[in-house]
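Accompanying notes for the structure given below.
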Amino acid sequence: MAANPLLTIKDMSITFSSPDEADIEAVRQVDLTLTPGKTLALVGESGCGKSVAARAVLRLLDRNARIPTGQILFDTGKGAVDIADLKSDSLAMRTIRGAEISMIFQEPMSSLSPVHTIGNQIDEIIVLHEGLSPRQARERTVALLDQVGIPGARDRANAYPFELSGGLRQRAMIAMALACTPKLLIADEPTTALDVTTQAQILDLLRQLQDDFGMAMLFITHDLGVVAEIADDIAVMYLGDVVEQGDVYEVFRAPKHPYTQALMNSVPRLQRKADRTRLSPIKGTVPSPKDRPTGCAFTSRCPHAFGPCAGTRPERTLVSDGHVARCHLLTQVKQEVMA
């Protein structure tokens with residue numbers, strides 16, 4: 001029997017305002033669902049709105065950002081709370097943030113305080129949310145650092161971020177995120193700045209910790225190889241739109257949106273060298289959010305664009321069980337089949 005959703009994002013849009021220009025829509029009517037013990041990968045090019053959508057879940061958006069439409073429903077165990085209605089500095093939001101929903105940021109060096117030790121930063125979270133004494137918090141911190149594979153955990157707790165390597169800083173960030181055993185972990189490109197060996201170790205660690213804690217995970221990345229290794233489901237974003245989503249195996253096996261197909265075709269493969277075939281890059285550039293196309297966001301770069309693509313936003317079309325995509329080609333095929 002399928003588990004009840006832990007986080008349900010419905011029709012969420014995010015806009016940024018400026019004094020001199022009209023509001024810019026960075027995320028448009030996104031729908032996502034996360035369940036306990038499962039990993040949803042949010043994939044897309046840099047600037048497509050992945051991190052903005054994730055930060056909205058923790059209400060860590062910039063001051064000029066707002067959520068004009070949509071819901072972010074989080075199951076606290078005592079009922080669903082709409083995070084979109086909470087103020088970022090409210091007691092209710094501060095109770096959820098860090099305790100029930102945690103985030104691993106993309107670059108630990110810029111996310112960790114350079115003037116406090118690793119141990120002190122993790123201690124603070126435990127004391128704040130768990131109400132333990134400083135001595136008890138330090139013991140929990142040392143145990144967490146040891147659990148994420150940091151050697152000499154008790155001594156490393158007294159180290160500053162600049163005294164650790166990139167891999168150890170990332171492990172410390174993971175320990176901090178897991179300090180209060182959250183129900184949902186958001187990982188924002190946690191392996192981007194790491195070498196391949198360390199990246200593999202971090203992915204193995206995240207999978208093991210997910211099994212240990214049974215938490216849901218929202219994994220943000222642009223690396224399809226990482227997605228294939230860690231994710232259960234995938235959502236593909238382009239210019240703030242989720243253009244395709246579903247089971248990762250199903251989407252990889254038979255991508256239906258032209259953008260997803262283009263991403264898959266641009267991945268280097270070993271057999272290409274033997275076949276002497278070139279990569280197929282996506283032609284053109286991503287439009288500015290200020291000049292967002294009226295219809296499908298991918299229209300200007302899509303090799304299959306036709307009449308309605310430029311003027312009408314495509315509806316979500318069910319491809320198979322749990323696999324949906326926004327594309328006029330699918331809508332047209334569906335209409336022809338029904339006719």
Side-chain angles (χ1 to χ4, degrees), residues 2 5 7-14 25-35 38-45 47-50 53-54 69-70 218-224 226-228 231-267 280-284 286-287 289 292-339:
L7 182 76
T8 304
I9 299 176
K10 297 181 179 179
D11 198 37
M12 180 184 71
S13 295
I14 302 172
E25 193 173 37
V27 173
R28 179 163 66 163
Q29 296 177 313
V30 163
D31 295 292
L32 297 173
T33 302
L34 286 96
T35 54
K38 299 293 184 180
T39 298
L40 170 66
L42 194 55
V43 179
E45 296 174 73
C48 71
K50 306 185 299 295
T69 62
L218 177 61
F219 197 97
I220 301 169
T221 184
H222 58 264
D223 189 332
L224 295 179
V226 170
V227 173
D232 299 292
D233 301 292
I234 183 173
V236 182
M237 287 192 78
Y238 181 82
L239 200 62
D241 262 334
V242 173
V243 296
E244 185 166 3
Q245 61 189 113
D247 175 81
V248 69
Y249 173 78
E250 182 66 23
V251 173
F252 276 27
R253 183 185 66 82
K256 296 301 182 182
H257 195 280
Y259 177 61
T260 311
Q261 295 169 357
L263 285 180
M264 298 295 291
N265 289 334
S266 65
V267 175
S280 301
I282 303 174
K283 295 181 179 180
V286 181
R292 176 188 294 276
T294 304
C296 175
F298 194 55
T299 301
S300 61
R301 306 175 72 188
C302 181
H304 308 293
F306 66 111
C309 296
T312 307
R313 188 181 184 221
E315 299 293 329
R316 284 163 53 95
T317 302
L318 183 64
V319 178
S320 61
D321 186 25
H323 183 184
V324 297
R326 286 187 181 272
C327 182
H328 283 294
L329 289 172
L330 298 174
T331 305
Q332 186 183 49
V333 170
K334 186 176 181 180
Q335 292 173 345
E336 290 174 354
V337 170
M338 293 178 64

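Below, all heavy atoms of this structure are taken into account, side chains as well, without hydrogens, waters or symmetry copies.
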Distance (rounded to the nearest 0.5 Å) between H222 NE2 and E45 CD: 10.5 Å
F306 CZ: over 12 foreign heavy atoms closer than 6.0 Å: yes
Min side-chain heavy-atom separation L239-Y259 under 4.5 Å: no
Closest heavy-atom pair and its distance - L40, A235: CD1-N, 4.0 Å
Minimum heavy-atom distance P293-A297, with the two atoms named: CG-O, 3.8 Å
Residue pair M237, V30: steps toward the side-chain contact (heavy atoms from CB on, under 4.5 Å) verdict: CA-CA 9 Å; M237 287 192 78; V30 163; 4.2 Å; yes
Polar side-chain atom of H328 near backbone of G307 as donor-acceptor pair, under 3.5 Å: no
Inter-residue atom distance F219.CZ - I234.CD1, 0.5 Å rounding: 12.0 Å
Side chain to side chain, D233 and D247, heavy atoms closer than 4.5 Å: yes
Salt bridge (charged side-chain N to carboxylate O under 4.0 Å, His left out) partner of D241, chosen from R313, K50, R326, R316: R313
Atom of P314, atom of G295 and distance for their closest heavy-atom approach: CD-C, 4.4 Å
Backbone of Q29 reached by a side-chain donor or acceptor of S13 within 3.5 Å: yes
Minimum-distance pair of heavy atoms, taken over all atoms of I282 and A262: CG1-CB, 3.5 Å
T33 versus P5, closest heavy-atom pair with distance: CG2-CB, 3.7 Å
Residue pair V242, D31: steps toward the side-chain contact (heavy atoms from CB on, under 4.5 Å) verdict: CA-CA 8 Å; V242 173; D31 295 292; over 6 Å; no
Candidate list Q245, K256, E244, test side-chain hydrogen bond (donor to acceptor under 3.5 Å, both in side chains), partner H323, passing option: E244
Heavy-atom side-chain proximity of M264 to Q261 below 4.5 angstrom: no
Minimal non-hydrogen separation, L329 against P258, with atom names: CD1-CG, 4.5 Å
Any Y238 side-chain heavy atom under 4.5 Å of H257 side chain: no
Sub-4.5 Å side-chain heavy-atom contact between L7 and L32: no
Side chain to side chain, L218 and L34, heavy atoms closer than 4.5 Å: yes
